[in-house]
Amino acid sequence: INKLKKDCKALVDNSKNKEYLAVCYFYMTSMAERKEEVVGNLNKALQLFPDYIEALQIRASLFIDSQEFEKAEEDLQHIIRLDPKNAPTR
């Protein structure tokens with residue numbers, strides 16, 4: 001985990017790697033065991049890159065699993081605005 005955190009910091013420092021940042025934050029925690037922490041990490045990634053569709057999809061999925069449907073709908077609507085043809089969202 002410590003190496004992964006260090007690698008994530010390096011990604012933050014190098015904005016050319018933005019496509020890996022949300023995934024890095026995501027894998028820092030176990031989705032099934034620590035949903036709140038995973039959502040927190042995804043929130044951090046989305047603060048830096050608010051239009052990162054994959055992070056929005058993962059977060060929406062977590063919200064659906066925990067029956068937080070309004071939050072999931074917000075993420076899904078954001079994805080549709082960014083990419084109206086996004087099949088997984090429909």
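Heads up: numbering here begins at 1 and tracks the sequence.
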Side chain to side chain contact (heavy atoms under 4.5 Å, CB included) partners for Glu68, two or more places apart: Lys35, Phe63, Ser66, Lys71
[atom1]-[atom2] distance between [X] and [Y], expressed to the nearest 0.5 angstrom:
| X | Y | atom1 | atom2 | answer |
| --- | --- | --- | --- | --- |
| Ser61 | Leu42 | OG | CG | 10.5 Å |
| Glu74 | Ile79 | CD | CD1 | 12.0 Å |
| Arg81 | Asp51 | CZ | CG | 9.5 Å |
| Glu37 | Asn43 | CD | CG | 12.0 Å |
| Gln57 | Leu62 | CD | CG | 12.0 Å |

Check: Ile53 and His78 side chains under 4.5 Å, non-hydrogen atoms: no
Validation row: Leu56, Leu76 side chains within 4.5 angstrom (heavy atoms): no
Smallest separation among heavy atoms of Ala72 and Ile64, with atom names: CB-CG1, 3.5 Å
Taking every non-hydrogen atom, the tightest pair across Ala60 and Asp75: N-OD2, 3.6 Å
Glu36 and Val38: CA distance, side-chain angles, deciding distance, side-chain contact (heavy atoms from CB on, under 4.5 Å) verdict: CA-CA 5 Å; Glu36 288 181 27; Val38 173; over 6 Å; no
